[in-house]
Amino acid sequence: MKVDRALGCAAPIEWSALEAALDILCPMHLRLTETGHIIHAAPTLQKMCAESDLIGKRFLEVFLLDRPRAITTMSELMARARSKLHMEFRVAPHTSLKGVLVRLPAGQGALVNLSFGISVVEGVLDYRLTSADFAATDLAIEMLYLVEAKSAAMDASRKLNQRLQGAKLAAEEQAATDTLTGLKNRRAADRILAQKIEESGAFALMHLDLDYFKAVNDTKGHAAGDHVLQEVAKVMRAETRKGDMIARVGGDEFMILIDDEVSKVKLAEIAARLIQGIEKPIPFEQDVCNISASIGIAVHLECGHLDLDTLVQHSDRALYASKDKGRACATFFDDLEAPKP
Amino acid sequence: MHGLVNKAIEAFVIDTYGAQPWRVIAQMCELDDPHFEAMMSYEGDITSRVIDCATRVLKADRADFLQNLGTYLVSQPSQQAVRRLLRFGGVDFVDFLYSLDDLRDRARLAVSDLHLPRLELREHTSNQFSLTVRSKLDGFGHVLVGLLTAMADDYGALVMLDYGGRRGEVETVAIALLERSFAEGNSFELGARV
């Protein structure tokens, strides 16, 4: 009880002078009687509550102790002298405060000093406080400055992030490449096919779908799946010519444009080589992945022969015919039976 | 300098002279992007280059341009944040003047890579002060003259400011406080939301 004894050494305290000093040093302090009634409230607290709500009221009637929670009587509160208290006003806006209580000597009651702590931002708003309401040494103003400066900086950063994110999406949107395989993506494929049709070129479109790929992904994981896709891309590059277009248009779905080639024999050969290449076991870490491919082939003969949608539809139907036949094979759209009306 | 400084110059030119002159200035300075990003860092000499190009394109006197920039930073409604953050520095204008010594550190607390020039206030008499600023950027003192004029208005103080020239990298501004509370000033609430 070092502090208390220090206060207790001299003659009776002259409260008016001391309180005037304390009001400047601790503008949020209260003096309590031994019974816990408030007999003095410093200026900032006076500004925060009507005087009648403070003076003469019991401390525990005005404040609800949050921590330590067990405190309900003045003697319990006095026993917690010099340790940190957490409390809130019992009336709205229920501002939370922290504080510390010091007992005065010779049964003269106690002093409680209060502070907003982290609730200072709401506190100044709720009570319209100014710099003058805080002690000159209080860091509250610096804290408010920092909160405001940091939120302004954070705001600017957030805006920058949003713009960068937008730019990234736009760049991805415009990209023509599938990042995993380095092949063309769907958007590029559509553009190139449309252009090719317009140029009236004769070409074949192969729609290729991997067989058993889902099993690889499910049992060996996405890393294995990604590796398989990259290996498949290599096979397709090896089995096609430079001017042909290869695009990954879905998870395990590809489109290959074989330029200037409509001979069924040649195309069947290419398809067979593709399937053969893809069926070669693909080592991954200590494991081996086995897949195959089904292919549908549609041919575009001359300008105005087919539009893009129809051509893709043809290749798609041929592909599903291959799947129906038991996979790992290629089918020409031309060989399908005419659809029933 | 920091993107915040460059962005402030850009905003000043656009708000005061329009978007078209700014495009001309950005082109003349060969900026990669005609708009600065507030939260990015830029190479050091870009700020001087922008100011040089701006004064040429706008046919403005360099000192006037910089002084108006300083005023703009405090008094333009869209730059409220600057005024408020400066007002946290002091309860009255003299208190505020003394807080300028810490301005550099305060700015760095908020944005760690923002390095503002070092300011130092000297009190000659209770009404006579001088502020020195050390900066590679020639004319930073003029920005301060504009900024202090606007802040004095904001506090309601009556002051006379005098740019004292540049020696080496140091510029001086003389401040004569004629009246501490000449006018009402603008209100400043600690907890206002901007």
Side-chain angles (χ1 to χ4, degrees), chain A residues 24 27-28 43-45 47-48 92-97 115-168 170-171, chain B residues 2-8 10-11 32-42 73 78-96 98-100 102-116 155 181 185-194:
Chain A
I24 292 166
M28 284 179 69
T44 302
L45 283 171
K47 181 170 177 175
M48 289 162 62
H94 303 287
T95 308
S96 19
L97 299 169
S115 149
F116 283 104
I118 205 78
S119 67
V120 65
V121 178
E122 291 88 55
V124 292
L125 275 174
D126 290 340
Y127 302 107
R128 301 178 68 94
L129 301 180
T130 69
S131 307
D133 296 317
F134 294 94
T137 49
D138 195 326
L139 290 177
I141 307 300
E142 277 76 6
M143 174 152 163
L144 291 169
Y145 160 80
L146 263 187
V147 168
E148 199 161 319
K150 280 285 181 197
S151 355
M154 201 57 135
D155 237 38
S157 289
R158 202 176 302 117
K159 281 185 195 138
L160 172 59
N161 279 341
Q162 278 166 356
R163 273 198 295 276
L164 291 178
Q165 181 68 12
K168 184 172 163 251
Chain B
H2 197 276
L4 275 167
V5 178
N6 297 326
K7 187 78 196 171
E10 177 191 329
D32 296 334
D33 184 335
H35 297 293
F36 284 111
E37 278 297 346
M39 295 313 279
M40 285 198 342
S41 288
Y42 292 88
L73 286 178
S78 63
Q79 304 289 332
Q80 267 295 296
V82 177
R83 175 190 95 93
R84 284 194 50 83
L85 293 177
L86 288 171
R87 281 288 296 251
F88 273 108
V91 288
D92 58 29
F93 187 67
V94 175
D95 203 21
F96 161 75
Y98 279 111
S99 77
L100 292 174
D102 305 330
L103 187 69
R104 190 182 149 89
D105 293 334
R106 277 172 169 267
R108 245 202 347 239
L109 267 183
V111 180
S112 56
D113 58 346
L114 173 59
H115 299 282
L116 291 181
Y155 276 107
S181 40
N186 295 325
S187 71
F188 173 66
E189 292 194 11
L190 289 176
R193 287 278 170 273
V194 230

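Each chain gets a letter, A, B and so on, in the order its sequence line appears, and its residues count up from 1. A quick note: this is a predicted structure, and the numbers were derived from the prediction, not measured. Just so it is clear, the values below take in all heavy atoms, side chains as well, and ignore hydrogens, waters and symmetry mates.
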Q. When rounded to the nearest 0.5 angstrom, what distance separates CE in A/Met143 from CG in B/Leu190?
A. 12.5 Å
**Q.** Over all atoms of both residues, closest heavy-atom pair of B/Leu109 and A/Leu146
**A.** CB-CD2, 3.8 Å
Q: Quick one: closest heavy-atom pair of B/Ala110 and A/Tyr145, and the distance?
A: CB-OH, 4.4 Å
Q) With a 4.0 Å cut-off, would you call A/Arg163 and B/Glu37 a salt bridge? A) yes
Q. Looking at A/Glu142, A/Met154, A/Lys150, which has the largest count of heavy-atom pairs under 4.5 Å with chain B?
A. A/Lys150
**Q.** Approximate separation, where rounding is to 0.5 Å, of B/Met39 CE and A/Asp155 CG
**A.** 10.0 Å
Q: Sort by residue number and list every member of residues 131-138 of chain A having a non-hydrogen atom under 4.5 Å from chain B.
A: A/Ser131, A/Phe134
Q. Is it the side chain or the backbone of B/Arg106 that comes within 4.5 Å of chain A heavy atoms, both, or neither?
A. both
Q: Sort A/Leu144 into side chain, backbone, both or neither according to what part of it lies under 4.5 angstrom from a heavy atom of chain B.
A: both
